[in-house]
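Contents: one structure, followed by commentary.
Reckoned from all heavy atoms, side chains included, excluding hydrogens, waters and symmetry mates.
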Amino acid sequence: MQMMKQWFRRGFMLSAAAICVLSVPVTAAQAALMTYSFAGNLDGDSTGSFQIDGLFKYESSTVGSGGVFNGTVKDYNFNLRFLGPSGPQLLYTSSFSAGANAVTISKNIPLGGGIGDRWELVTAASGDSLSDGSTPFSFGLRLNQIGGGLNLNVQDPPGLGSLNGGSARWRLLFEDADGVPGAYVGNISSLTAVPLPAAVLLFGAGLISLVGLGAGGLRNLRTSKV
């Protein structure tokens with residue numbers, strides 16, 4: 001009887017701990033959230049005095065329809081820097097804003113270099129006003145892959161090396177108080193997946209082990225009752 005009580009206490013505590021960990025909302029989000037960093041240049045900058053960089057995050061578990069993944073973008077950041085003699089100087093920054101956002105994959109469409117597929121991210125954006133009073137309202141990335149090959153069911157962006165001469169572009173849209181639009185645009189020169197932090201990976205491994213131990217304790221408890 002004493003041994004049965006010990007097994008019961010052990011099995012119950014491990015299982016309860018596993019349930020508590022699994023009930024934390026951030027766990028699933030962290031496991032499915034993908035982060036990419038990007039960098040590039042600014043159109044019209046013939047001297048190479050400016051550079052842009054930033055990141056975006058999207059929910060990889062978002063279910064799409066016909067290549068459209070609505071509401072998948074969860075974060076975004078954009079920086080415009082001046083490459084001065086003393087090093088890069090931050091001139092402007094824009095960030096994620098709640099609103100319409102999506103990753104869209106279009107198949108077999110006319111592109112600048114021929115027929116191919118397009119991967120596009122668009123999200124609502126916010127930021128400080130420019131000198132003319134204009135404020136940002138939308139940011140987008142557009143990757144054109146000549147010859148096609150994108151999967152409508154996978155929202156991961158293609159690597160820049162697989163575009164087959166297609167373009168990789170960014171744009172930040174503005175509008176003034178009268179709704180008159182404007183934009184900064186340029187090319188993307190690098191696009192890199194950011195690995196999950198080691199702490200998150202270790203947490204996931206520990207969670208799997210914890211659940212396994214809890215299940216093992218319950219199996220032993222059932223065996224002792226037979």
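A salt bridge is defined here as a Lys NZ or Arg NE, NH1 or NH2 lying under 4.0 Å from an Asp or Glu carboxylate O, and R142 with E120 meets this definition.
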Run Q155 and T72 through side-chain hydrogen bond (donor to acceptor under 3.5 Å, both in side chains) and show every step you take.
CA-CA 9 Å; Q155 58 177 317; T72 189; 2.9 Å; yes
Is there a side chain to side chain contact (heavy atoms under 4.5 Å, CB included) between I52 and F38 once you walk through the steps?
CA-CA 8 Å; I52 65 99; F38 60 87; 3.8 Å; yes
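Looking at S60, its side chain does come within 3.5 Å of a backbone N or O of A32 through a donor-acceptor pair. For the pair D117 (side chain) and G149 (backbone), a donor-acceptor distance under 3.5 Å is present. Using a distance-only test at 3.5 Å, with no hydrogens or angles considered, no donor-acceptor pair links the side chain of N187 to the main chain of G40. Here the side chain of N70 pairs no donor or acceptor atom with the backbone of A102 at under 3.5 angstrom. A side-chain donor-acceptor contact under 3.5 Å links S189 to the backbone of A39.
When all heavy atoms of G66 and L152 are compared, the pair lying nearest together is O-CD2, 4.2 Å. Between S97 and A125, the closest heavy-atom pair is CB-C, 3.8 Å. The two residues A168 and L143 have their closest heavy-atom pair at CB-CD2, 3.5 Å. Closest of all the heavy-atom pairs between V194 and S37 is CG2-N, 3.9 Å.
Side-chain contact annotation: T47 with S49, donor-acceptor N/O pair under 3.5 Å present. With hydrogens and angles left out, the side-chain atoms of S134 and D176 include no donor and acceptor closer than 3.5 Å. Inspection of the N77 and N79 side chains reveals an N or O donor paired with an N or O acceptor under 3.5 Å. Side-chain contact annotation: S162 with Q145, donor-acceptor N/O pair under 3.5 Å present.
Side-chain contact between R118 and I105 is absent, with no heavy atoms from C-beta onward closer than 4.5 Å. Proximity of L80 to F50: side-chain heavy atoms (C-beta onward) are separated by under 4.5 Å at one or more points. The shortest side-chain heavy-atom distance between L150 and P158 falls under the 4.5 Å cut-off. The side-chain heavy atoms of V73 and L121, taken from C-beta on, include a pair separated by under 4.5 Å. Residues P181 and L173 fail the side-chain proximity criterion, which asks for heavy atoms closer than 4.5 Å. Side-chain atoms of L33 and K74, non-hydrogen and from C-beta on, do get closer than 4.5 Å to each other. In this structure, D53 and R81 have side chains that are in contact, with non-hydrogen atoms separated by less than 4.5 Å.
The structure places OG of S106 at 12.0 Å from CH2 of W119, a figure rounded to the nearest 0.5 Å. Taking CZ of F174 as the start and OG of S138 as the end, the distance is 11.0 Å to the nearest 0.5 Å. Atom-to-atom distance recorded for I109:CD1 and N144:CG is 6.5 Å, nearest 0.5 angstrom. Once rounded to the nearest 0.5 Å, the distance linking CG of N101 with OG1 of T123 reads 4.5 Å.
L191 and V154 end up in different hydrophobic clusters when Ile, Leu, Val, Met, Phe, Trp and Tyr side chains are linked at under 4.5 Å. Grouping the Ile, Leu, Val, Met, Phe, Trp and Tyr side chains by contacts below 4.5 angstrom, directly or via other members, places M34 with Y76. Residue L163 is grouped with residue Y36 when hydrophobic side chains (ILVMFWY) are merged at heavy-atom distances under 4.5 angstrom, including chains of intermediate members. Linking ILVMFWY residues whenever their side-chain heavy atoms come closer than 4.5 Å, directly or via other members, places L130 and L172 in the same cluster. A single hydrophobic cluster is not seen to contain both L141 and L111; linkage of ILVMFWY side chains at heavy-atom distances under 4.5 Å, directly or through other members, places them apart.
Residues satisfying the ring pair (Phe, Tyr, Trp, His ring centres under 6.0 Å) test with F78, not counting sequence neighbours, are F139, W170. Every residue two or more places apart in sequence or in another chain that forms a side-chain hydrogen bond (donor to acceptor under 3.5 Å, both in side chains) with D156 is listed here: Y58. Taking the ring pair (Phe, Tyr, Trp, His ring centres under 6.0 Å) definition, one finds that F96 meets it with nothing, sequence neighbours left out.
For R169, the CZ atom is densely surrounded, since the number of other residues' heavy atoms within 6.0 Å is greater than 12.
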